[in-house]
Amino acid sequence: MMKITSLLFLIPALSFGQLSPEINKLYEELSKSKYVESAAIGYAGSESEVYKLFAEIDKKASDQEVEYIAFNGNPVAKVYGSYAVFNRKLKTLSQLFDSYLKNNEPISIKRGCVGSNTHLADELYTTVFWEKDYIKDTEANRKHKASLKTKHELLNFIQLLGNTKESKWTMQEIDSVLIKFDRMILANPSSSQNLVEQITESNFFIKRKHPEYHDKLAYFEKKYSSEKIKKYLKFSGK
């Protein structure tokens, strides 16, 4: 109990810390954006200036600084901060998700040429789930790199990869995080329909049954009259 209490007091202390002048300047510019943007946006795939600001912050900021942004920034800055917290595998990830669940602010996102509206907790859940694709790519790239026999082949492969993201996570770690997130969502009777449906859709997508979720999912199915939740309940059984 003492360890848990100490951890809860730690994050507020970090949250009120100071950003360095350089990071603060980048943060202020980032906070002016009304949209969270992917690295390339628009039909021509133009480089996003907003994403470049995030990349610069992620490159130079300390763990405490990205945590500060993730917990205390405006909604756009929080999303980018949460990306950094997740990518760095910081221990505050679950507490950050809990914070977003309690204040699930709306956000607008531009990915490529597609725009969408979502919420903080929804976006963080989605980010964690789709990390599995990056893990598969990372494993495939490592195997292919190991199979190369000449320096010329290796240099061409490295150039081809460019800025391709390499995941620091394993599949087992991602599954563990998602189960923790699922339980946090289902433990809150006020969780949104979209968040609960994300649980059912993501698990249905990978054909994973969680009969232990049945009773709580049944509550939300009745509350929201959701066909997506009903579909997963039928698939998962008890």
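We use all heavy atoms of the structure for the numbers below, so side chains are in, but hydrogens, waters and symmetry mates are not. Quick caveat, the model's predicted, so the values are computed rather than measured.
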(request) Scan side-chain atoms only and decide if S20 and E65 contain a donor-acceptor pair under the 3.5 Å cut-off. (result) yes

(request) For E67 and T92, test the side chains for any donor-to-acceptor distance below 3.5 angstrom and give the result as yes or no. (result)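 Checked: E67/T92 side chains pair up, N/O donor to acceptor below 3.5 Å.
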
Please confirm whether the backbone N or O of [Y] pairs with a side-chain atom of [X], one donor and one acceptor, at under 3.5 Å?
{"X": "N74", "Y": "S31", "answer": "yes"}
{"X": "S108", "Y": "N117", "answer": "no"}
{"X": "D58", "Y": "F54", "answer": "no"}
{"X": "D98", "Y": "S94", "answer": "no"}
{"X": "K209", "Y": "N203", "answer": "no"}
{"X": "Y125", "Y": "L178", "answer": "no"}

(message) The test is side-chain hydrogen bond (donor to acceptor under 3.5 Å, both in side chains); show your working for N104 and D122 and say whether it passes.
(response) CA-CA 8 Å; N104 204 7; D122 304 58; 3.0 Å; yes

(request) List for me each residue that meets ring pair (Phe, Tyr, Trp, His ring centres under 6.0 Å) alongside Y100, sequence neighbours excluded, and say none if there are none. (result)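 Partners of Y100 under the ring pair (Phe, Tyr, Trp, His ring centres under 6.0 Å) test: none.
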
(request) Would you sort out whether E29 and K32 count as a salt bridge (charged side-chain N to carboxylate O under 4.0 Å, His left out), showing the intermediate values? (result) CA-CA 5 Å; E29 286 299 311; K32 293 177 183 178; 2.9 Å; yes

(request) Can you see which heavy atom on A77 is nearest to which on I69, and at what distance? (result)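 Result for this residue pair: O-CG2, 3.3 Å.
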
(message) Tell me which pairs pass side chain to side chain donor-acceptor pair (under 3.5 Å) where either residue lies in residues 225-234, with sequence neighbours left out.
(response)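 Matches after skipping sequence neighbours: E197-S226.
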
(request) Evaluate the side-chain proximity of F129 to I206: yes if any heavy-atom separation is below 4.5 Å, no if none is. (result) yes

(request) Please determine if E56 and K59 form a salt bridge, counting it only when a charged side-chain N lies under 4.0 Å from a carboxylate O. (result)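 Looking at K59 together with E56, the answer is no, because their closest N to O distance does not fall below 4.0 Å.
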
(request) Would you please indicate if the ring centroids of W130 and Y83 are separated by under 6.0 Å? (result) no

(message) Between W169 and F86 (judged by ring centroids, cut-off 6.0 Å), do the two rings come close enough to count as a pair?
(response)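 Between W169 and F86, the centre distance is under 6.0 Å.
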
(message) Among residues at least two apart in sequence or on other chains, which ones pass salt bridge (charged side-chain N to carboxylate O under 4.0 Å, His left out) with E49?
(response)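 Only K52 meet the salt bridge (charged side-chain N to carboxylate O under 4.0 Å, His left out) criterion with E49.
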
(request) May I have the step-by-step check of salt bridge (charged side-chain N to carboxylate O under 4.0 Å, His left out) for K89 and E173, ending in yes or no? (result) CA-CA 10 Å; K89 297 177 70 173; E173 289 171 334; 3.0 Å; yes

